[in-house]
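Position 1 is the first residue of the sequence, and the numbers go up from there. Just so it is clear, the structure is predicted and the values come from calculations on it, not from any experiment.
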Amino acid sequence: MPADTPTFLPVPESAVPAEAVAPLIRGVRVLRELTEAGGTLSPSALERATGLARSTVDRITSTLARMGYVRLDGRDAVITPRLMELGNAYLAALRLPALLSGRADALADELDESVSLAVADRDGIRFIHQATRRRAMSLSFRIGDLLPAERTAPGPLFASEWTEADWRSWRERRAADPEDRGFPAVPPRELPAREGEFEAKAAQAGRGGWALDDQLIEPGLVAVSVPVRDPRTARIACVASVVSHTSRHTATDLRETLLPRLRATVAEMERELASTPDPDPGPPPSGSASWIGAAKNELGREFIESLARGLTVLTAFGEGRAALTLTDVARATGLPRATARRALITYEHLGLVRQQPESRTFGLTPRVLSLGFPPLSRTTLPRIAAPHLADLAARVRESTALAVLVPPGPGGWAEIQYTARAVSPRIMGVDIRTGTRLPASATSLGRVLLADTEGSADCDRVRTQGYALLDEDWENGLRTLAVPVRDRTGRVVAAVNVALHAAGRTAEECVAEILPELRLTATRMEAELHAASRFTRVPLL
């Protein structure tokens, strides 16, 4: 754990490296403020939160919008699931979620309790996986949330490996922020901790190989944790925790009844780590910065080229690319070496990248998850779809909707359920409410969805042509056109349609004019769904 300055302490200008990229520092500041605000802020609120000039905020949000990381919605800047690409790069390089999340999920199902995986982030912990239970009293932490080490069960385990420099950094942070205001994911501390208490807990955790959180974060929340060790170094790679509520388990009960099962699962996780070979480096996103010049020409001074280039550097990392040299980063992004070097220097200053001097390589740190991941990690498909549906409705001036297949109704027929919609700006438009269920075979949305699961001649035709058109089949005067929305595996999980009065356009005009716009909308939804679902579960409803 590096002993560099926590992000919530002021950093003097003299501490900023001379070669750091100032626009990149400002852009990261904007993304962090948006993250801590839940994903949405007005330009004036961003101006106040960051201390930047309004013109600078406008240029940064314009650049982020061009990159697809932010959506400008009226007067607000809203982060989009595309921003999760940055956190995904870290999680893919880390590999722990991909290797261990299945066992964490299985343990959560077996115990009917929440199970989490966390890594150390300086003198805090950051979640990299959550398997939560759906209850009135349920765990509200999200992937990417940062918690102070001393108020968690994983914290003492990580602290058992701290150096004296790490402890000194922790004490400086505690003195500067005694109420934990720099950790938005937890309520402020009400009572000061007793002197030496956390040090004693860390020593005990190091000896016993487990740690307990008995309502340290808030009343009622209890957790027990066990470290998962890297077989190559024997150091803690991450910590697995079972989290419950005192209405179900006391802290003592957790230790006596659930700790043995948690230890057994951790042993399985460590065997998984020991037996899984390092992955072959996948193809890097070669030339991922090639579009930046065109964007600069398109937006002029409203596009900050150095910010876009700097953010592109983070996407060079991934599975099999956890440690990259400067040459590797420049080759993957298509950036000049000097540009990539300045971006890496900036990220090292910000705590997003760590350099390994002995190997002359760079790697991402858990702090990359602070760029949008927590609020976005619990998004749903309807939330992803809503702005795209509104944009489509405005472009074609017709009503649009998203639907998914649901279990058959009383009649036994397959049904669809409308999960999101945008109404037509016309005086007379199609108005089907969200939540409405209809027979799948009677709608263009349903036929697109059935085409991925059934083998009739009609389904074969829809699957081949990639869309379904219903011409007054369901209701006189109603014409609908639908296309599929696919998940990361290519499976059709939803469908999006345009519905209009038959007098507005002929069937041929629908295919010629609306179908391209509909497909473009589906493609944009899929890009965000794929980014959001790589390491998190995205509910369809």
Once rounded to the nearest 0.5 Å, what's the spacing between atom [atom1] of [X] and atom [atom2] of [Y]?
| X | Y | atom1 | atom2 | result |
| --- | --- | --- | --- | --- |
| E528 | H388 | CD | NE2 | 3.5 Å |
| L540 | Q417 | CG | CD | 11.0 Å |
| R189 | I217 | CZ | CD1 | 10.5 Å |

Less than 4.0 angstrom from a charged side-chain N to a carboxylate O is my criterion; do [X] and [Y] meet it?
| X | Y | answer |
| --- | --- | --- |
| E398 | R505 | yes |
| D391 | R524 | yes |
| R395 | E517 | yes |
| D177 | R181 | no |
| R309 | E305 | yes |
| R354 | E348 | no |
| E179 | R174 | no |

Any side-chain heavy atom of [X] within less than 4.5 Å of one from [Y]?
| X | Y | answer |
| --- | --- | --- |
| L216 | T152 | no |
| D145 | F373 | no |
| M67 | T312 | yes |
| L402 | R421 | no |
| V483 | L515 | yes |
| L314 | L371 | yes |
| I416 | T443 | yes |
| F141 | L147 | yes |

State whether a side-chain donor-acceptor pair under 3.5 Å links R378 with T536.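 No, no side-chain donor-acceptor contact under 3.5 Å.
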Any luck finding a side-chain donor-acceptor pair between S55 and D58 under 3.5 Å? no
Evaluation steps, side-chain hydrogen bond (donor to acceptor under 3.5 Å, both in side chains), between S533 and R488: CA-CA 8 Å; S533 61; R488 291 179 57 84; 4.7 Å; no
Checking P374, P184, S370 against T35 for side chain to side chain contact (heavy atoms under 4.5 Å, CB included), the one that qualifies is P374
For R151, run the salt bridge (Lys or Arg N to Asp or Glu O under 4.0 Å) check against D180, D123, D213 and tell me which one passes. D180
With side-chain hydrogen bond (donor to acceptor under 3.5 Å, both in side chains) as the criterion, how do T327 and R337 come out once you've worked through the C-alpha distance, each side chain's angles and the decisive distance to 0.1 Å? CA-CA 7 Å; T327 299; R337 278 175 55 91; 2.6 Å; yes
